[in-house]
Chemist: 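Here it is, the structure, as structure tokens.
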Amino acid sequence: MENHREDVIVIFAGYPEPMQGFLDRNLGMRSRIVFQVKFEDYYSQNFPAGRNA
């Protein structure tokens with residue numbers, strides 16, 4: 001990953017608390033993450049009627 005920084009994208013996804021634990025256990029990982037995108041929680045009322053899965 002480090003040798004191909006210009007050509008590789010790695011996406012880590014998960015819920016906030018487990019992801020925090022992941023980053024805390026891997027001390028060198030945090031310095032390699034360029035940015036984070038955090039999404040708000042969503043609920044069924046956020047979707048139009050009739051589109052609930």
Side-chain angles (χ1 to χ4, degrees):
M1 192 167 85
E2 188 68 25
N3 293 338
H4 299 283
R5 251 195 146 136
E6 308 295 319
D7 303 315
V8 175
I9 295 173
V10 178
I11 299 172
F12 301 104
Y15 291 103
E17 289 180 20
M19 290 304 296
Q20 186 64 45
F22 169 74
L23 293 173
D24 290 345
R25 282 189 301 275
N26 296 281
L27 301 176
M29 186 66 70
R30 192 175 299 278
S31 67
R32 291 178 170 88
I33 296 174
V34 178
F35 63 91
Q36 295 181 18
V37 178
K38 296 180 182 178
F39 296 96
E40 297 294 321
D41 288 340
Y42 63 90
Y43 305 94
S44 61
Q45 62 264 27
N46 297 113
F47 298 100
R51 304 221 47 197
N52 294 332

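The chain is numbered in sequence order, starting from 1. Here the structure is a predicted model, which is why all the values come from computation and not from measurement.
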Chemist: Group every Ile, Leu, Val, Met, Phe, Trp and Tyr by side-chain heavy-atom contacts under 4.5 Å, then state whether Val34 and Val37 land in the same group.
Modeler: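 Yes, one cluster joins them.
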
Chemist: Indicate every side-chain donor-acceptor pair of residues 17-25 with a distance under 3.5 Å to a residue at least two apart or in another chain.
Modeler:
{"residue": "Gln20", "atom": "NE2", "partner": "Asp24", "partner atom": "OD1", "Å": "3.1"}
{"residue": "Asp24", "atom": "OD1", "partner": "Arg30", "partner atom": "NH2", "Å": "3.4"}
{"residue": "Arg25", "atom": "NH1", "partner": "Gly21", "partner atom": "O", "Å": "3.4"}

Chemist: Do Val10 and Phe35 sit in the same hydrophobic cluster, where Ile, Leu, Val, Met, Phe, Trp and Tyr count as joined when their side-chain heavy atoms come under 4.5 Å apart?
Modeler: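 Hydrophobic grouping puts Val10 apart from Phe35.
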
Chemist: How many angstroms lie between atom CG of Asn26 and atom CD1 of Ile33, to the nearest 0.5 angstrom?
Modeler: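 One finds 9.0 Å between CG of Asn26 and CD1 of Ile33.
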
